[in-house]
Chemist: 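One structure, pasted below without further comment.
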4 protein chains.
Amino acid sequence: MLETIPQSRRERRIAARQAQILDAAAHVFSQKGYQNATTKDIAEAADVSEGTLYNYFANKRDLLIGVARAYADEVITDMETIQPEGYEDLLAQFMANRFRRGRERRLFMVFLYESRWNEDVRQYYVEEAMHHIIALTEQHIRDLIARGVLREVDPAIAARTMSATIMGFAALFELGISVNHGSPELLGTQVTDILWNGLRTYGKNGRD
Amino acid sequence: MLETIPQSRRERRIAARQAQILDAAAHVFSQKGYQNATTKDIAEAADVSEGTLYNYFANKRDLLIGVARAYADEVITDMETIQPEGYEDLLAQFMANRFRRGRERRLFMVFLYESRWNEDVRQYYVEEAMHHIIALTEQHIRDLIARGVLREVDPAIAARTMSATIMGFAALFELGISVNHGSPELLGTQVTDILWNGLRTYGKNGRD
Amino acid sequence: MLETIPQSRRERRIAARQAQILDAAAHVFSQKGYQNATTKDIAEAADVSEGTLYNYFANKRDLLIGVARAYADEVITDMETIQPEGYEDLLAQFMANRFRRGRERRLFMVFLYESRWNEDVRQYYVEEAMHHIIALTEQHIRDLIARGVLREVDPAIAARTMSATIMGFAALFELGISVNHGSPELLGTQVTDILWNGLRTYGKNGRD
Amino acid sequence: MLETIPQSRRERRIAARQAQILDAAAHVFSQKGYQNATTKDIAEAADVSEGTLYNYFANKRDLLIGVARAYADEVITDMETIQPEGYEDLLAQFMANRFRRGRERRLFMVFLYESRWNEDVRQYYVEEAMHHIIALTEQHIRDLIARGVLREVDPAIAARTMSATIMGFAALFELGISVNHGSPELLGTQVTDILWNGLRTYGKNGRD
DNA sequence: AATGAATGAGACTTCATTCAT
DNA sequence: TATGAATGAAGTCTCATTCAT
C-alpha cells in the first residue's frame with residue numbers, strides 16, 4: 001500500500017537495492033528452485049554480500065515472498081492491460097505474455113510448488129494473483145455469455161478450466177513435453193481454438 | 001507364476017519391507033515434499049530405523065525414484081484398464097481415479113516439480129508415465145476422429161491439451177482454488193463437457 | 001600355547017573355519033587396509049555371513065589381531081628356517097621370502113601403521129615377530145663378528161639397521177619408488193652388497 | 001615482495017587462519033592418524049567450529065592434502081639447506097632434522113600409509129617430496145663417486161638404500177624398537193657409519 | 001552354528017543466519 | 001551500511017555389532 005514513488009535519495013537507494021536483490025533472487029530461484037538455491041548463490045547473483053541480503057530481507061523465505069509478490073503484481077498488471085477487444089484470444093495473449101520466457105514459466109512452477117509449504121507464498125501468489133486472474137477471466141466469460149458469444153456454461157468452471165489448461169501447458173513445456181513442430185505462439189492458437197470451440201455458441205460462429 | 005510372485009519366504013519378506021518403506025516414503029513426500037522430508041521422517045513413518053532404509057534403498061533420492069516408479073506403474077495400469085466404451089468420459093474417469101485422493105494429487109505435484117532437478121524422476125515419471133498416457137490419449141482421439149465422433153483437430157495437440165487441463169486442475173485443487181459447490185466428480189463432468197465440446201463434431205451431436 | 005593338533009572333528013572344523021576367515025581378512029586388509037575394510041567385505045571374501053565372523057572373532061579388531069598373529073608366526077618360522085650357511089645373504093633371502101609377494105608387503109605396511117593405534121597388533125606383530133627377528137639377526141651378527149667375518153660394529157645397531165633398511169625398501173616398493181631396471185631379487189642382492197660392505201671386515205674380503 | 005607475503009590485512013588473516021587449522025590438523029593426524037581423526041577433533045584443536053573448517057578446506061581429505069603439502073615443502077627446504085660440506089653426515093643431519101620430533105616421525109608414517117589410499121597425498125608427498133629427496137641424494141652420491149670418495153656403486157640403488165634405511169629407522173622409533181642406550185643423534189651417527197662404510201672407497205679412508 | 005536384516009551411534013558436510021569489523 | 005568469516009543445528013549416510021530365525 002506504500003506504492004508511492006520514493007521521495008528521498010535514501011529511500012530511492014533502498015528501493016533500488018531491494019529490486020536488485022529481488023531480481024537476482026528471481027533469477028536464482030528460477031534456475032535452481034527455492035530449496036536448492038543458497039543465499040550465497042543469490043548474494044553472488046546480486047553482487048552483494050550475504051550479510052547485505054539480511055539488511056533488506058528478514059530471511060531466505062522472505063526473499064521468496066518478495067519475488068512472489070513482485071511476480072504477482074506483474075501478472076495482475078499484465079492481465080489488466082490486455083485489451084477488451086482481444087476477448088477471443090485472451091488465452092493466447094496471456095499465455096504468450098506469461099510463458100514465452102522460460103524464466104517466467106519456471107518461476108511459476110516454483111511458486112506453484114512452494115505455496116504448498118509456504119503460507120506467505122500462497123498468500124501473495126495464489127490468493128492475490130491467481131484469484132485475481134480467475135475473477136477477471138470469469139467476468140470476461142460472463143460478459144461473453146451475456147452477449148451471446150459463448151454458450152451458457154458455468155462461468156466459474158469455465159474460468160478455472162482455462163487457468164488449469166494454461167498452467168498445465170506451462171508444466172508440459174517445462175517437462176519438455178510438447179508438440180515438436182509447434183512454436184509457443186502456434187501452440188497457443190491451437191489450444192485456444194479447442195477451448196474456444198468448447199465454450200462458444202454455434203449460431204454465428206458455426207464450424208467452417 | 002515364478003515371475004511376478006516372490007517364491008521364498010525371504011523374498012516375500014524383503015518385498016513386503018520394501019513396499020512398507022516405499023509407502024511410508026510416499027506418505028511423507030506427499031505431506032512435505034521431497035526436500036523438506038527427512039530420512040528420519042520416513043524411517044519413523046515406516047516404523048524402522050534410519051539405517052534400515054539404506055538396506056533397501058541406496059539413498060534418499062533412490063527412495064523418491066522408487067516412489068515415482070511405483071506411481072508411474074500404477075498410473076499406466078490405471079490408464080490401460082479404463083474401458084474403451086468410456087471414450088466420452090475418458091477424462092472424467094481418469095481424473096476421478098487419479099486425483100480423488102489428495103495423496104495422489106500431492107505426489108503428482110512433487111514429481112512434477114522434482115523432475116526438474118532429478119533426472120531419474122523425470123525418467124520414470126515423465127518419460128514413462130506421462131508419455132505413455134499422452135500416447136494412449138492421442139490414439140483414442142485419433143480413433144474418435146476416424147469414426148467421426150471428434151472433429152479434425154491435431155490429435156497431438158488435443159491429447160496434450162487434455163493432459164494439461166487435468167494437470168492444471170490437480171494443481172488448482174491443491175491450491176484450494178476450485179468451485180466451492182462442486183465435488184471432484186461433478187467438476188470432472190463439467191470440465192469434460194467443455195473440452196468435449198471443443199473437440200467433437202457437430203453433425204449428430206449438435207447443440208440442443 | 002595351545003599349538004597342538006586339534007583332536008576332535010569339531011575342533012578341526014572350528015580351526016578350519018577360523019583359518020578360512022583369517023585368510024579372507026588378510027586378503028581384504030592387504031587390499032584395503034584395516035579401516036577401509038568392512039566386515040561385509042571380509043564376510044564376502046570368506047564366503048560366510050557377517051554374523052558368522054562374530055562366532056569366531058569378538059570384533060573387527062580381533063580379526064586384525066588374528067591376522068597379525070598368524071603373520072607373526074609365519075615370519076618367525078620363516079626366519080628360523082633360513083639355513084645358517086646363508087649368513088651372507090641373510091638379508092637377500094629374508095627380503096625375498098617376505099616381500100616377494102605384494103600381499104605380504106602390504107600386510108606389513110598395515111601392521112606397521114595399525115600397531116600405533118592398536119595395542120594388540122603391536123603386541124603380536126611388533127613385540128613378538130620383530131623383536132624376535134631382530135634378536136635372531138643380532139645373534140647372527142654377533143657370531144659373525146666373533147668369527148671375524150664382520151668388523152666390530154655394535155650388533156644391536158647393526159641388526160636394527162638391517163631391519164630398518166628392509167622395512168624401508170618394502171615401503172619404497174609399495175610407493176612405486178624403486179629402480180626401474182631391477183627385479184626384487186637383483187635389488188635384494190645390491191642392497192645386501194651395500195650393507196654387507198658396511199659391516200664386514202676387510203682382511204679376506206677386501207675390495208677388488 | 002608482493003608474491004610471498006600477503007598484502008592486505010584480510011589476506012593475512014585468511015592465511016593465518018589456514019595455518020592455524022593446518023597446524024591443528026597436523027597435530028591431530030599425527031596423534032590419531034587420518035582415519036581415526038574426526039573433523040570434530042580437528043576443529044577443537046584449532047579452536048574453531050567444525051563449520052569453519054569447511055570455509056578453508058573443501059573436505060577432510062583436503063585437510064590431509066594441505067598438511068602433506070606443507071610437510072613436503074618443509075622437507076624439501078630442509079633437504080636443500082643442508083650444506084654440501086656435510087656430505088659425510090648427510091644422513092645424520094637429515095635424520096636429526098626430520099625425525100628428532102615425534103610429530104614429524106608420526107606424520108611421516110601417516111603420509112606413508114595414506115598415500116596408498118589417497119592419490120593426492122601420494123602426489124604431494126611421495127611424488128614431490130620423496131622423489132626430490134632421492135634425486136638430490138643420488139646427485140650427491142654421484143659427485144662423491146666422481147671425486148673418488150665413494151666406491152663405484154649404482155647411485156640409484158645407493159640413494160634408495162639410504163632413504164629406505166632412514167624411513168625404516170623412523171618406523172622403528174615409532175614402534176619403540178631402538179637401542180635403549182642411544183639418543184637419536186648417537187643413533188644417527190652409528191647408522192651413518194655403517195652405511196658410509198658400505199659405500200666408501202678404501203684408499204684414503206681405510207679402516208683403523 | 002549360520003544367517004543377514006535391523007539397529008543406532010557417530011561421521012562428514014551444508015548452509016541460513018549472526019555479528020564484529 | 002556493507003562485509004564475509006564464524007557458527008552450529010541439522011541433514012544424509014556408513015558400518016560394526018546384535019539377535020531372532
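Proteins come first, then strands; the chains are lettered A, B, ... in the order of their sequence lines, and each starts at number 1. In what follows, every heavy atom counts, from backbone to side chain, and hydrogens, waters and symmetry copies are set aside.
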Chemist: Using whole Å, what does the distance between atom C1' of nucleotide dC12(E) and atom CG of Asp62(D) come to?
Modeler: 14 Å

Chemist: Is Arg116(D) paired with Glu174(C) through a side-chain N to carboxylate O contact shorter than 4.0 Å?
Modeler: yes

Chemist: Can you list, in residue-number order, the parts of residues 27-37 of chain D that come under 4.0 Å of DNA chain F, counting heavy atoms only?
Modeler: none

Chemist: Indicate whether OP1 or OP2 belonging to dT7(F) is found under 4.0 Å from a side-chain N or O atom of Thr52(D).
Modeler: yes

Chemist: Quickly work out the Ile21(A) CD1 to dT1(F) P distance and round it to whole Å.
Modeler: 12 Å

Chemist: Scan Tyr113(A), Phe108(A), Phe111(A), Tyr34(A) and name whichever one has a ring pair (Phe, Tyr, Trp, His ring centres under 6.0 Å) with Phe29(A).
Modeler: Tyr34(A)

Chemist: side-chain hydrogen bond (donor to acceptor under 3.5 Å, both in side chains): which pairs involve residues 51-67 of chain C, sequence neighbours left out?
Modeler: Ser49(C)-Thr52(C)

Chemist: At less than 4.0 Å, is any side-chain N or O atom of Thr39(B) found next to OP1 or OP2 of dT12(F)? Yes or no.
Modeler: yes

Chemist: Grab the CZ-P distance between Phe57(B) and dA5(E) for me, whole Å please.
Modeler: 14 Å

Chemist: Please report, rounded to the nearest Å, how far the C1' atom of dA16(E) is from the CG atom of Asn55(D).
Modeler: 13 Å

Chemist: Among Leu63(B), Asp23(B), Ile42(B), which one satisfies side-chain contact (heavy atoms from CB on, under 4.5 Å) with Val28(B)?
Modeler: Ile42(B)

Chemist: Can you work out whether Thr38(B) or Arg10(A) has the more 5'-proximal nearest nucleotide on DNA chain F?
Modeler: Arg10(A)

Chemist: Out of dT3(F), dG4(F), dA2(E), which nucleotide sits closest to the side chain of Ser49(C)?
Modeler: dA2(E)

Chemist: Please report, rounded to the nearest Å, how far the C1' atom of dA5(E) is from the CD atom of Glu50(C).
Modeler: 10 Å

Chemist: Has Tyr124(D) got a side-chain atom pairing as donor or acceptor with Tyr71(D)'s backbone, closer than 3.5 angstrom?
Modeler: no

Chemist: From CG of Asp47(B) over to C1' of dA6(E), roughly how many Å is that when rounded to an integer?
Modeler: 12 Å

Chemist: Hey, is the side chain of Arg61(D) poking within less than 4.0 Å of OP1 or OP2 on dC12(E), counting only N and O atoms?
Modeler: no

Chemist: To the nearest angstrom, how far is Gln20(A) atom CD from dT1(F) atom P?
Modeler: 15 Å

Chemist: Whether the side chain of Asp120(A) engages the backbone of Gln123(A) through a donor-acceptor N/O pair (distance < 3.5 Å, no angle test) should be reported.
Modeler: no

Chemist: Does the side chain of Tyr56(C) get closer than 4.0 angstrom to OP1 or OP2 of dA1(E) through an N or O atom?
Modeler: no

Chemist: Does Tyr54(C) put a side-chain nitrogen or oxygen below 4.0 Å from OP1 or OP2 of dC19(F)?
Modeler: no

Chemist: Would you sort out whether Gln35(D) and Asn36(C) count as a side-chain hydrogen bond (donor to acceptor under 3.5 Å, both in side chains), showing the intermediate values?
Modeler: CA-CA 9 Å; Gln35(D) 312 244 21; Asn36(C) 294 318; 3.2 Å; yes

Chemist: Whole angstrom is fine here: how far is it from NZ in Lys60(D) over to C1' in dA11(E)?
Modeler: 8 Å

Chemist: Between Ala25(A) and Val67(A), which heavy-atom pair has the shortest distance, and what is it?
Modeler: CB-CG2, 3.8 Å

Chemist: Taking the nucleotide of DNA chain E with the nearest heavy atom to each, does Leu53(B) or Arg17(C) sit closer to the 5' end?
Modeler: Arg17(C)

Chemist: Between dA5(F), dG4(F), dA1(E), spot the one nearest the side chain of Arg13(D), thanks.
Modeler: dA5(F)

Chemist: Got a donor-acceptor contact below 3.5 angstrom from the Asp73(A) side chain to the Ala70(A) backbone?
Modeler: no

Chemist: Can you tell whether the side chains of Glu127(A) and Arg122(A) come within less than 4.0 Å, N to carboxylate O?
Modeler: no

Chemist: For DNA chain F, what string of dots and brackets results from 5' to 3' when Watson-Crick and G-U pairs need both distances under 3.5 Å, crossing pairs get [ ], and pairs with another strand get |?
Modeler: .||||||||||||||||||||

